[in-house]
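Here the structure comes first, spelled out in C-alpha cells, and everything after it is commentary.
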Amino acid sequence: MHDIYQAPVSLLHGVGEERAKALAGIGIETIGDLLEYFPTRYEDYRVRDLTEVKDGERVTLAGTVYGEPSVRFYGKRKSRISVRLVIDKVVVTAVWFNQTFVKSRLSPGKEILVTGKWDRHKLQITVSEMTEVDSDRARKRGELAPIYPLGGDVTHAFLRKTIQQALSHFGEKIPEILPADIVSRYRLMPRAQAIYGIHFPESAEEGRQARRRIMFEELFLFQLKMQALRRITRQQTEGMAQSIPMEEVRQFVKSLPFPLTDAQKRVVKEVLDDMRAPYAMNRLLQGDVGSGKTVVAAIALYATVKAGFQGALMVPTEILAEQHLQSLMGLLSPYGIHVALLSGSLTAKRRREVISALQMGLVDVVVGTHALIQEDVFFRQLGLVITDEQHRFGVEQRRILRNKGLAPDVLFMTATPIPRTLAIAAFGDMDVSTIDQMPAGRKPIETSWRKHEQFHQVLEQMRVELKKGRQAYVICPLIEESDKLDVQNAIDVHAQLSHYFPEYGIGLMHGRLPAKEKDAVMQAFLSGEYAVLVSTTVVEVGVNVPNATFMIVYDAERFGLAQLHQLRGRVGRGSEQSYCVLIADPKTEIGKERMRVMCETTDGFELSQRDLELRGPGDFFGTKQSGLPEFKVADLLSDYKALEVARQESARLVAESSFWEEEEYSHLREYLKREGVLDGIVFD
Ligand code: ADP
Ligand code: MG
C-alpha cells in the first residue's frame with residue numbers, strides 16, 4: 001500500500017531516471033504531485049454534428065472511411081492525401097497535407113476521428129489531427145483534452161499518458177480529505193472522482209464540477225491553515241486579559257460630541273472583547289475614509305489606560321502623527337491621560353525625555369511614526385498598539401515589537417478598503433472588523449471628470465466655494481517622494497493659482513519641505529489663513545479639515561482608484577456638500593473607465609472591488625509585497641464566495657476538539673503538519 005504523497009513517480013511505467021528528472025523540473029516528484037498537476041484548460045475534441053458547424057471552424061468529426069485514399073505529390077516534399085468519409089450519411093472529403101504516413105491508416109470501413117478546419121462549401125475538412133476510434137465508447141464521442149502548463153522536456157502526450165497510468169494504478173488510493181458533512185452540504189464531487197474529472201472530463205459539466213470541488217478544497221486548505229495558525233497563536237501567546245472598567249468606558253463614549261454609529265458600536269465591542277480576553281488581539285479594522293476609525297482608536301486607548309496599561313498609535317507620516325496627537329489630546333487629556341508625540345522631528349533632548357517618561361510610565365499614550373519602535377524605546381507596560389494604514393507598516397516592524405518581548409493587543413486600522421475577498425485572503429490569520437456605515441448627515445461627495453483644457457472652468461467652480469468661505473485642496477501627483485519633476489509640478493500649480501486668486505492665501509505642501517515647515521503650512525491651512533492648499537499626496541491619509549469642501553486632483557489618471565478615493569476623502573468631512581474634480585486625459589480605455597468609476601460611486605469597498613477587476617490582484621497592493629497566496633485552480637475574484645464559506649467552515653472546524661482528535665480529520669491534520677503549522681505544538 002503506497003501513500004501517493006510518498007510514492008515517487010518513477011514507480012510508473014515509462015518513467016525512468018531522465019523523465020523523472022524532467023518531471024521534477026516542473027515540481028512533480030511524487031504520484032500525488034502528478035495527480036495534483038492540474039490542467040489550466042481543455043482542447044475541445046468532442047465530436048460535433050455537421051449541421052451545426054460553421055464555415056472555417058476548427059472541429060472534430062467522426063466518420064467512416066469510404067473507398068481508397070488518393071495521394072498526390074507535388075513540389076519537392078509536398079503531398080496531399082484525400083479520402084472520402086461518410087458522416088451521418090453525408091459524404092465529405094478529408095484532406096491531409098504533407099502527412100503521407102497516414103495513408104496506411106485509412107483503410108475502407110475504418111472509423112476515425114478527424115480534427116481540423118471545416119470548409120462548408122466544399123464539404124471538406126483539412127485535417128490537423130486524427131485518432132482511430134477504438135472500442136472505448138467514451139473515446140468514440142471524442143474528448144476534452146487537458147492542456148497543462150508545460151516546462152522543460154515534458155510533453156503533453158507524455159504527461160497525459162503518465163497521468164492516465166497513475167490514475168489507473170493509484171486512483172483507488174486517492175483519499176477523501178474534506179469532512180464528509182462539508183462534502184455533502186456543498187454538494188462537492190468526491191475527491192478521487194474530481195481528480196479523474198479535472199484531468200479527463202467526460203463532459204464539460206463534469207469538468208466544471210471537478211474544478212469546483214478542487215477550487216473549494218484549495219481555498220479550504222488555505223483557510224484551514226490560517227484558522228489553525230490563528231487558534232494556535234491565541235493559545236500560545238501570553239496575551240494579557242485587560243480588566244477594563246466598562247462603566248468608565250461607557251461614560252467616556254457618552255461624553256463624545258456625537259453618538260457612535262451602530263457600526264462603530266459593534267466594532268468597539270469587538271475590539272474591547274479581544275482586549276479583555278487572555279489572548280493577544282490581532283485585528284484588522286477597516287472602514288472607509290471618514291467612517292470614524294479615529295474615535296474607535298481613542299476609545300480603545302482610553303480603555304487600555306484605564307486598565308493600567310500604556311497605548312501606542314503608529315502612523316506612517318509626521319503630519320498624521322501631529323494631527324492624531326491633537327485629536328487624541330482633545331479627547332483624552334480631560335481625563336488626565338497623558339499623551340505624547342514621538343516622531344523623527346523631535347530634538348534629541350525632547351526625544352530622550354519622552355523615552356524616559358515612557359519607560360517610567362509617565363506617558364500613557366504615545367503617538368508616532370516608525371520612531372516609536374526603534375531600538376532604544378521601551379515601555380513600562382504596553383497594552384495596546386494601534387497602527388493606522390496597516391499596509392504601510394511592514395512585517396519587519398511587527399517583528400521588532402515581538403522581539404522586545406511584548407505581546408500587546410494589536411489593532412491594524414486601514415482606510416484603504418480592501419475588497420473583502422482580498423482581506424480574507426491576505427489577512428486570513430487576523431480577525432477583521434469593518435465599519436460599513438458613515439456618520440449620519442454626511443453628503444456624498446460630488447465627483448466629476450474634466451480635461452486639462454477645462455482647467456479654468458474648474459477654477460471658477462472653485463471660486464464659488466471659496467467665496468462661501470470654504471477651503472480647497474489642489475492635489476498634484478507624486479509618484480516618488482524624491483521625484484524632482486513632480487514637486488516642480490506642485491510648485492508650478494502653486495504659482496499659477498497664486499496669480500489667479502490674488503485675494504486668497506495659497507499654501508504649498510510637499511514631502512521635501514522640512515518637518516517644521518510642513519507643520520506650519522498645515523497649521524495655516526487648518527486655521528483658514530490659507531484658503532487653498534496645493535499639495536502632493538502627503539495629505540493623502542487622515543488629514544482632517546472639515547471646512548475644506550473642494551478638491552482638484554491634477555493628472556488624476558496617474559493615481560490608482562484606491563488612492564484617488566483616499567485623496568477625495570479629505571473633503572466631505574463636514575456637513576456641507578463637497579466636490580471633487582478629477583483633471584485627466586487618460587489615454588487608455590481602462591484609464592477612462594477608472595475615471596468614470598470614480599464619478600459613479602463614493603463607496604470605497606465598491607471602488608476597490610472595481611479597481612481590482614480593472615487591474616488584477618497582483619497590482620492591488622502595489623507590485624511586490626502583495627502577500628496574496630497563489631492558487632492552482634481557485635481565482636480570488638470569481639471564487640470569493642467559496643473563500644468566505646471556506647473561512648467559516650474551517651474556523652468552525654478548528655474550534656472543535658474533535659478536529660484535533662478524531663480519525664476522520666487525520667488527513668487534514670497531516671496537511672497542517674506538512675505545512676509546518678503544527679511544528680512545536682504540544683497537544684494535551
Ligand atoms: P477616519 O479615520 O475613519 O477617516 P475619522 O475618525 O477621522 O475618520 O472621522 C471623520 C470625522 O467624522 C471626524 O471629524 C470625526 O469627528 C467625525 N465622526 C466620527 N464618528 C462620528 C459619528 N459617529 N457621528 C458624527 N461624526 C463622527
Ligand atoms: Mg483616521
Side-chain angles (χ1 to χ4, degrees), residues 249-250 252-271 283-302 313-317 319-334 339 365 367 386-393 411-418 423 432-445 470-471 473 522 525-526 537 539-549 551 562-578 580 602-605 607-608:
V249 175
R250 264 188 283 277
F252 176 71
V253 171
K254 257 196 187 156
S255 75
L256 293 171
F258 41 74
L260 295 185
T261 61
D262 288 343
Q264 282 171 319
K265 281 184 205 158
R266 190 188 63 234
V267 164
V268 165
K269 182 180 180 321
E270 288 166 353
V271 170
R283 186 170 285 278
L284 178 74
L285 169 57
Q286 33 170 6
D288 212 339
V289 234
S291 62
K293 293 181 297 298
T294 310
V295 183
V296 174
I299 296 169
L301 289 167
Y302 176 88
L313 175 62
M314 302 208 289
V315 295
T317 66
I319 292 179
L320 264 183
E322 190 66 48
Q323 190 173 311
H324 273 117
L325 178 78
Q326 297 307 329
S327 48
L328 285 182
M329 289 214 299
L331 290 166
L332 300 176
S333 299
V339 188
V365 172
V367 182
I386 302 177
T387 77
D388 200 2
E389 294 313 306
Q390 181 269 335
H391 56 285
R392 295 191 178 198
F393 276 95
L411 182 67
F412 304 93
M413 300 201 297
T414 178
T416 306
I418 304 167
V432 179
S433 289
T434 305
I435 305 184
D436 51 6
Q437 183 183 23
M438 286 292 180
R442 289 278 170 76
K443 296 190 180 74
I445 301 160
R470 306 267 144 42
Q471 289 166 279
Y473 293 98
M522 211 52 231
F525 187 58
L526 258 169
T537 53
V539 294
E540 183 183 337
V541 273
V543 172
N544 194 20
V545 182
N547 188 45
T549 56
M551 171 174 281
Q563 199 184 8
L564 282 175
H565 182 63
Q566 282 289 320
L567 286 167
R568 180 169 62 180
R570 297 309 107 219
V571 295
R573 299 177 80 82
S575 50
E576 301 302 324
Q577 177 62 54
S578 289
C580 175
T602 52
D603 178 331
F605 287 94
L607 265 175
S608 60

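Keep in mind that this is a model prediction, so the values were computed, not measured. Counting convention: from 1, in listed order, for ligands and their atoms alike. Reckoned from all heavy atoms, side chains included, excluding hydrogens, waters and symmetry mates.
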>> Any heavy-atom pair between the side chains of Val365 and His324 that's under 4.5 Å?
In response: no

>> Is there a side-chain contact between Leu313 and Leu325 in this structure, where contact means two heavy atoms from C-beta onward sitting under 4.5 Å apart?
In response: no

> What part of Gln264 sits under 4.0 Å from ligand 1 if we count only heavy atoms: the side chain, the backbone, both or neither?
Replying inline: side chain

> Is Thr294 touching ligand 1 with its side chain, its backbone, both, or neither, if touching means heavy atoms under 4.0 Å apart?
Replying inline: both

> If we only count heavy atoms from C-beta on, is the Val339 to Leu301 side-chain gap below 4.5 Å?
Replying inline: no

> Relative to the heavy atoms of Thr261, which atoms of ligand 1 are at a distance of less than 4.0 Å?
Replying inline: 23 (N)

> Which ligand 1 atoms are under 4.0 Å away from a heavy-atom of Ser291?
Replying inline: 3 (O), 8 (O)

>> Distance under 4.0 Å to a non-hydrogen atom of Arg573: what atoms of ligand 1 satisfy this?
In response: 4 (O), 5 (P), 7 (O), 8 (O), 10 (C)

>> Working to the nearest 0.5 angstrom, can you tell me the gap between Asp388 CG and Thr294 OG1?
In response: 6.5 Å

> Backbone or side chain, does any N or O of Gly290 fall under 3.5 Å from an N or O of ligand 1?
Replying inline: yes

> Can you find a pair of side-chain heavy atoms, one from Val545 and one from Met522, that are under 4.5 Å apart?
Replying inline: yes

> What atoms in ligand 1 come closer than 4.0 Å to a heavy atom of Pro259?
Replying inline: 22 (C), 23 (N), 24 (N)

> Counting each atom of ligand 1 from 1 as listed, which ones have a heavy atom of Leu260 under 4.0 Å away?
Replying inline: 23 (N)

>> So Thr602 and Arg568, do their side chains get closer than 4.5 Å, heavy atoms only?
In response: yes

> In Å and rounded to the nearest 0.5 Å, what is the CG to OG1 distance from Leu284 to Thr434?
Replying inline: 7.5 Å

> Counting each atom of ligand 1 from 1 as listed, which ones have a heavy atom of Val295 under 4.0 Å away?
Replying inline: 6 (O), 19 (C)

>> So is Gly287 touching ligand 1 or not, going by heavy atoms under 4.0 Å?
In response: no

>> With no hydrogens and no angle check, just 3.5 Å: does a side-chain donor-acceptor pair link Ser433 and Glu270?
In response: yes

> Under 4.0 Å from ligand 1, counting heavy atoms only, is it the side chain of Asp288, its backbone, both or neither?
Replying inline: backbone

